[in-house]
Amino acid sequence: MSRLGSLCVVALCSLVLGAGAARGDVALAALPGGGSVMVWSDPAGVRAQLLDDRGRATGEQMVVLGCRAEGDRLAVVATPTGAAVIFGAGGRLWVRRLGPRGEPRSDAQRIWTSLPRPATAASVGGRIGMLARREAGPVVVTPEQGAIGTLIGTTESPQVLLVRYEGLPVVGPVLPPLAGWGEATMGAREEELATLAASPDGAFLTRVGLDGAAIGNPVRLTAPDVVASEPFLLGTRDGWVAVWTEGGAARVALVGPEGGAPRAVDMADSPRMVSPILTAVGAGIALLGRSGTDLVVVRIDSSGRRRGRPATLASIFPEGTEPRHGLAALAGGRDGQDLIVVIEGSPPRTLTIDARGRIVADQSSQ
């Protein structure tokens, strides 16, 4: 690390030491050469661990940041050369890039000067520009491909910050207020982003172009006067899959690639779950969530029909832990039908779950 980079990280850490939280965050990203990297936050800092295609830890733990991320919140996305970790520290937003084996390969880079919301990020393809100005308008075309999109700004005036995989940030124009009101997350597909916001006004999906501007109007996913929380968004070839918590239970909706009316996924006879997340697996989708201390896995095909019965894995979450944030998953295994699941901890617990809902590997003791 350069002397300037070392001074930057020391100053960054001095601003956040002692800003404790009761839980950590955990995230997963696939690596371009195979396997994945698991990243988590704990009182000692932000750590990373390389996993193979079956979810088994390989090599030593790596230090991404030698002090706590703000609020213990972070996001990680895949890039063409490895992955990138997005986190808050010192009231600012930072990125640290990881190499093809999950190793830190650059100093932490400040990409935004204020942090009014937790870090959330999505990795998107397409051409974006090099304008590093708050007032950036249409994005100029450059030879560089792809970007990391992060939702910034206040809930009243959210914006999308686009950071080239190896370049400068671009700030898009202000999005509709419903794009970032309450809790908000991001997803990506092909050459566009979307935000999913959940609040006392309901759940809303907003498509966003690579100029950071909204495409059309926000799509309401809930009935009026519904209180929504815990949004999670997955982009697929067929459009968008959105999940949120409503009335203490997860709700899932499909939205086509051009927007339009949402189509609800039938969750009847499924256990009530909170903290829902989604991941692509095989030709379909896996929905994971928490029911008490149990982990519930529901598999859904591309048309929104459930495949098989939900799998309930008992006593996966430690007693007394917070039900939010500490869960991530990716497809794995030789045929891409297994799920690699990580659950908060120091280090996190790593499970490999097959298509029948059976645990075929468990690294809770490592």
Side-chain angles (χ1 to χ4, degrees), residues 75 77 120-126 149-151 155 158-160 162 172 175-247 249-268 270 273 275-289 298-307 329 331:
V77 292
T120 180
S123 184
V124 62
T150 306
L151 194 63
T155 56
Q159 294 173 280
V160 171
L162 290 163
L175 297 170
L178 290 173
W181 164 235
E183 300 176 68
T185 189
M186 297 191 72
R189 61 176 300 273
E190 297 177 354
E191 296 192 3
E192 71 174 36
L193 297 155
T195 68
L196 177 62
S199 74
D201 293 327
F204 295 85
L205 183 143
T206 305
R207 295 170 58 218
V208 181
L210 291 189
D211 58 356
I215 302 173
N217 295 317
V219 178
R220 176 183 278 277
L221 304 180
T222 57
D225 303 321
V226 164
V227 176
S229 61
E230 300 186 312
F232 196 96
L233 185 61
L234 178 68
T236 71
R237 181 186 61 184
D238 301 312
W240 301 98
V241 187
V243 62
W244 64 94
T245 300
E246 172 188 321
R251 299 286 185 263
V252 186
L254 308 181
V255 178
E258 302 301 322
R263 184 156 48 93
V265 173
D266 183 8
M267 295 295 292
S270 294
M273 67 178 83
S275 306
I277 66 169
L278 299 160
T279 190
V281 56
I285 301 150
L287 166 67
L288 298 88
V298 180
R299 299 210 178 206
I300 302 168
D301 66 21
S302 58
S303 66
R305 292 189 297 266
R306 286 188 303 167
R307 292 162 42 190

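Quantities reported herein were computed from a predicted structural model and do not represent experimental measurements.
With a 4.5 Å cut-off on side-chain heavy atoms, Ser270 and Arg306 count as touching. Side-chain contact check for Val252 versus Ile285: every heavy-atom pair is 4.5 Å or farther apart. In this structure, the side chains of Trp181 and Pro158 stay at 4.5 Å or more apart for every pair of heavy atoms. Side-chain contact between Val208 and Met186 is absent, with no heavy-atom pair separated by less than 4.5 Å. Leu162 has its side chain within reach of Leu193: a pair of non-hydrogen atoms, C-beta onward, lies under 4.5 Å apart.
Residues forming a side-chain contact (heavy atoms from CB on, under 4.5 Å) with Phe204 (at least two apart in sequence, or on another chain): Leu178, Asp201, Pro218, Arg220. Checked against side-chain hydrogen bond (donor to acceptor under 3.5 Å, both in side chains), Arg189 has no partners two or more places apart in sequence or in another chain. Ser229 is linked by a side-chain contact (heavy atoms from CB on, under 4.5 Å) to Glu183, Thr245, counting only residues two or more places apart in sequence or in another chain. Scored by the side-chain hydrogen bond (donor to acceptor under 3.5 Å, both in side chains) test, Thr155 finds no partners at all (sequence neighbours excluded). Residues meeting the side-chain contact (heavy atoms from CB on, under 4.5 Å) test with Thr185, sequence neighbours left out: Thr120, Leu196, Pro231, Leu233. Not counting sequence neighbours, the partners of Asp301 by the salt bridge (Lys or Arg N to Asp or Glu O under 4.0 Å) test are Arg305. With sequence neighbours excluded, the residues forming a salt bridge (Lys or Arg N to Asp or Glu O under 4.0 Å) with Glu192 are Arg207, listed by chain and number. Take Ser123 and apply the side-chain hydrogen bond (donor to acceptor under 3.5 Å, both in side chains) test, not counting sequence neighbours, and it matches Tyr165. Partners of Asp238 under the side-chain contact (heavy atoms from CB on, under 4.5 Å) rule, at least two apart in sequence or in another chain, are Thr236, Ser302.
Contact detail for Pro262 and Val219: the closest heavy-atom pair is CD-CG1, 3.9 Å. Ala242 and Leu221 make their closest contact through CB-CD1, 3.7 Å (heavy atoms, listed as atom of the first residue, atom of the second, distance). The two atoms that bring Thr195 and Ala179 nearest to each other are OG1-O, 3.1 Å, heavy atoms only. The heavy-atom pair separating Glu230 from Pro276 by the smallest distance is OE1-CD, 3.8 Å. Annotation for Ala184 and Leu151: closest pair CB-CD2, 3.5 Å, computed over non-hydrogen atoms.
At least one donor-acceptor pair closer than 3.5 Å links the side chain of Gln159 to the backbone N or O of Gly172. Distance alone, capped at 3.5 Å, is enough to place a donor-acceptor pair between the Thr222 side chain and the Ala203 backbone.
Residue pairs meeting the side-chain hydrogen bond (donor to acceptor under 3.5 Å, both in side chains) criterion with at least one partner in residues 250-266, sequence neighbours excluded, do not occur; the list is empty.
Annotation: the span from Trp240 atom CH2 to Leu205 atom CG amounts to 7.0 Å, rounded to 0.5 Å.
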